[in-house]
Structures are given as structure tokens and as C-alpha cells.
Amino acid sequence: MTDVRNEDRADLLDQWESEDGSQSVQYSGRKAFRAKSEQRRLQILEATLRIAVKDGIRAIKHRSVAKEAGVPLASTTYYFKDINELINDAFILFAEKSQEGIDHFYAMINMVLDGTPPEAMKRGGPGREALVHRLASIVSAHLSEQLMNRRDAVLAEHVFLMEALRDPALSVLARQYHASWVTGLERMLERLDSQFPLQDANMLVSVGLGLGYDGLLYQDDFEARMLTDSAERLLGFVMGLPQCPETCPGRQQG
């Protein structure tokens, strides 16, 4: 893909704060003046996302997108100056659509934290282990729901993030998408008395992406129980629970 200067893409991005205060990527690209035209443009972007999921980024061509969207070939070049812009706009739209899930996830987490006794929110406080278990259940349920019911969205996420390694413009979008997760986790971990909230947040996001990849790769062999055990183990670490080799989740007894 050709190099697109970051400043050339500035008009397509808008930063706004979600309810938890995290910065989010919102689609603010070329809006059509007429509702029908805007619907046609979004129709093309949705088709682009479907092709990315089915056949990968390299399969996104003007002709294939027009066929998938059921629109005249000239429509794709009318609304998007080139394939690079079409792919970038599709990723922005994907990130915006994903924000609803991100907000819902953090709403559940914050609801639990709002009802947690203050002593359990402190490192070493009573009730800390039960809180870790409850949070791990929410995390694993979220990941399981994504893998079972929104597999195409998880696959699209990985397709675009991998392509961002090759394309400078997509790299900017990928970093902002990543930041929308990190910021929310950092705020959560600050509430949980993490000693290194930003570092821990980045680690959790990276592990979450890795678990999503594993879920896609192994599909039916990927066990929900493994998600819960992994989430509980990692949250216990960042929340300062004592490491317990004899009793940690998932340990096989001899």
C-alpha cells in the first residue's frame, strides 16, 4: 500500500471521551450531503469489512467491493479516492462500531467496583481474592461472547491490526484503537490500587488480543474455562494477590 501522510488523514479522525473518560476513535470521514448518498457510502464500507473478514485485506479491490456491496463499480471511486482511503475508512468505521462493546464492558466493570467495599479495593485488603474472581468472570464472559457470537468482528480486528504493521496510516488508527482499551483499563487499575496501572493496562490488552487470536485459531478446541483461569491468574498478579503455586487456578495435581 502506498504511504499516506498522517496529516492527510486528520480530517477522518475525531477524538472524544466515552463515559469512562477513555479516548475513542470515532468515524468522522467524508459525510455525504444527502442521506441516500451517506447510506450508499456506508454500504460500501460494510462490504469492505466483510471482504476483509472473508478473504483478507489484499482481496479489497474496487471491483470486489462493488460486487459485495451490490453497487455500480463507479460508486467506489466516487466516494473514495483510492483503495487506501477505502481500507482506512473501513477500519475507522470498525473501531467506532466496536466502541459500543468497549463501553458496555467497562460499564459492567465499574458497576462491580462501585459496589465493592473500600477495603477490597486496596492491595492486601480483605475480600481482594473474591473481587479478582468476580472480575475474571466478567472478563472471560466478555471474551467468550466475542468469540462465540461476534467472531467476524474479532477476525476483522486482527486483520486490520496485522495490516497496520505494513501501512503507516493504518498504524495511526491501530494505535488509537489500542489506546481506547488501554485508557479504560488504566483507570480501572488505578481504582484497584495497581502500582503500575499504565504498564499493567498495556499488558492486559496485549494478553486479551493474544487470547482472541488463540480463540480464532483453535475455535472448537478453545475452552471457556481456560479463559477464566487465565483472566483470574493475570488479574491476581496485577492486583497484588500472593502467588500460590499449590492452589492457583488450572494447576494440575500430581
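Computation of the quantities below employed the complete heavy-atom set of this structure, encompassing side-chain atoms and omitting hydrogens, waters and symmetry-equivalent molecules. The first residue of the sequence shown is numbered 1, and numbering continues consecutively from there.
Counting only distance, with no hydrogens or angles, the side chain of S206 and the backbone of N202 share a donor-acceptor pair below 3.5 Å. Within the 3.5 Å criterion, the main-chain N or O of S180 finds no donor-acceptor partner in the side chain of T183. Between the side chain of T76 and the backbone N or O of A66 there is no donor-acceptor pair closer than 3.5 Å. Q43 places a side-chain N or O within donor-acceptor distance of the main-chain N or O of A69, the cut-off being under 3.5 Å. The main-chain N or O of Q146 is never found under 3.5 Å from a side-chain atom of R151 such that the two would form a donor-acceptor pair. At least one donor-acceptor pair under 3.5 Å links the side chain of Y106 to the backbone N or O of W181. Using modelled atom types, no side-chain atom of S75 and backbone atom of V71 make a donor-acceptor pair closer than 3.5 Å.
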Please step through side-chain contact (heavy atoms from CB on, under 4.5 Å) for the pair V139 and L234, ending with a clear verdict.
CA-CA 11 Å; V139 171; L234 193 56; over 6 Å; no
Candidate pair Y78 and R40, rule side-chain contact (heavy atoms from CB on, under 4.5 Å), full reasoning
CA-CA 11 Å; Y78 175 79; R40 171 64 59 87; over 6 Å; no
Step-by-step side-chain contact (heavy atoms from CB on, under 4.5 Å) determination, E190 to L185:
CA-CA 8 Å; E190 286 173 347; L185 278 173; over 6 Å; no
Residue pair L227, S144: steps toward the side-chain contact (heavy atoms from CB on, under 4.5 Å) verdict
CA-CA 8 Å; L227 282 177; S144 294; 3.3 Å; yes
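Heavy-atom contacts from other residues, nucleotides or ligands closer than 6.0 Å to CZ of R134 number 12 or fewer. Within 6.0 Å of atom CD in E129, 12 or fewer heavy atoms from other residues, nucleotides or ligands are found, so the atom counts as exposed in its surroundings. No more than 12 heavy atoms of other residues, nucleotides or ligands sit less than 6.0 Å from atom CE of M111. Environment of CD in E100: sparse, with no more than 12 heavy atoms of neighbouring residues, nucleotides or ligands closer than 6.0 Å. The 12-atom threshold is not exceeded at CZ of R175, counting heavy atoms of other residues, nucleotides or ligands nearer than 6.0 Å. The number of heavy atoms from other shown groups lying within 6.0 Å of NE2 (H178) is above 12.
Counting heavy atoms from C-beta on, the side chains of L170 and L173 come closer than 4.5 Å. No side-chain heavy atom of P118 sits less than 4.5 Å from a side-chain heavy atom of K122. At a threshold of 4.5 Å between non-hydrogen side-chain atoms, the residues V53 and V159 do not count as touching. For the pair M239 and D200, the minimum side-chain heavy-atom distance is 4.5 Å or more. Side-chain contact between F80 and L45 is present, with at least one heavy-atom pair separated by less than 4.5 Å. Annotation: side chain of K61 is in contact with side chain of S64 (closest heavy-atom distance under 4.5 Å). Taking 4.5 Å as the limit, every side-chain heavy atom of I87 sits out of range of all side-chain heavy atoms of D167. Residues M121 and L131 form a side-chain contact, since some pair of their non-hydrogen atoms from C-beta on lies under 4.5 Å apart.
Between atom CG of residue L235 and atom CZ of residue R128 there is a gap of 10.0 Å, rounded to the nearest 0.5 Å. Here CE of M203 is found 11.5 Å from CG of L198. Values are rounded to the nearest 0.5 Å. Between L49 atom CG and I60 atom CD1 the span is 8.0 Å, to the nearest 0.5 Å. For the atom pair CG (L147) and CZ (R150), the distance works out to 11.0 Å, reported to the nearest 0.5 Å. Considering OH of Y177 and CG of L161, their distance stands at 7.0 Å, rounded to 0.5 Å. With values rounded to the nearest 0.5 angstrom, I57 atom CD1 is found 9.0 Å from T48 atom OG1.
Here the closest heavy-atom approach between residue R123 and residue G240 is recorded as NH2-CA, 3.3 Å. Across every non-hydrogen atom of T228 and S140, the tightest pair is OG1-OG, 3.1 Å. Nearest approach of Y79 to E85, heavy atoms of both residues: O-OE2, 3.9 Å.
Placement of V112 and L192 within a single hydrophobic cluster is found when ILVMFWY residues are connected by side-chain heavy-atom separations under 4.5 Å, directly or transitively. Hydrophobic clustering places M108 together with L211 (ILVMFWY residues linked when any side-chain heavy atoms are closer than 4.5 Å, directly or through intermediates). V207 and F105 fall within the same hydrophobic cluster, defined by Ile, Leu, Val, Met, Phe, Trp and Tyr side-chain heavy atoms under 4.5 Å apart, directly or through other members. Note on L73 and I44: separate hydrophobic clusters, where clusters join Ile, Leu, Val, Met, Phe, Trp and Tyr whose side-chain heavy atoms are under 4.5 Å apart, directly or indirectly. Clustering ILVMFWY residues whenever any of their side-chain heavy atoms sit less than 4.5 angstrom apart, transitively, puts F237 in the very cluster that holds M188.
Note on E46 versus K97: salt bridge recorded, some NZ/NE/NH1/NH2 to OD/OE distance being below 4.0 Å. Contact check on R191 versus D114 returns a salt bridge, with a Lys/Arg side-chain nitrogen under 4.0 Å from an Asp/Glu carboxylate oxygen.
Ring geometry for F91 against F160 counts as parallel: the plane angle stays under 30°, on a 0 to 90° scale with 60° as the upper cut.
Side-chain contact annotation: R187 with N110, donor-acceptor N/O pair under 3.5 Å absent.
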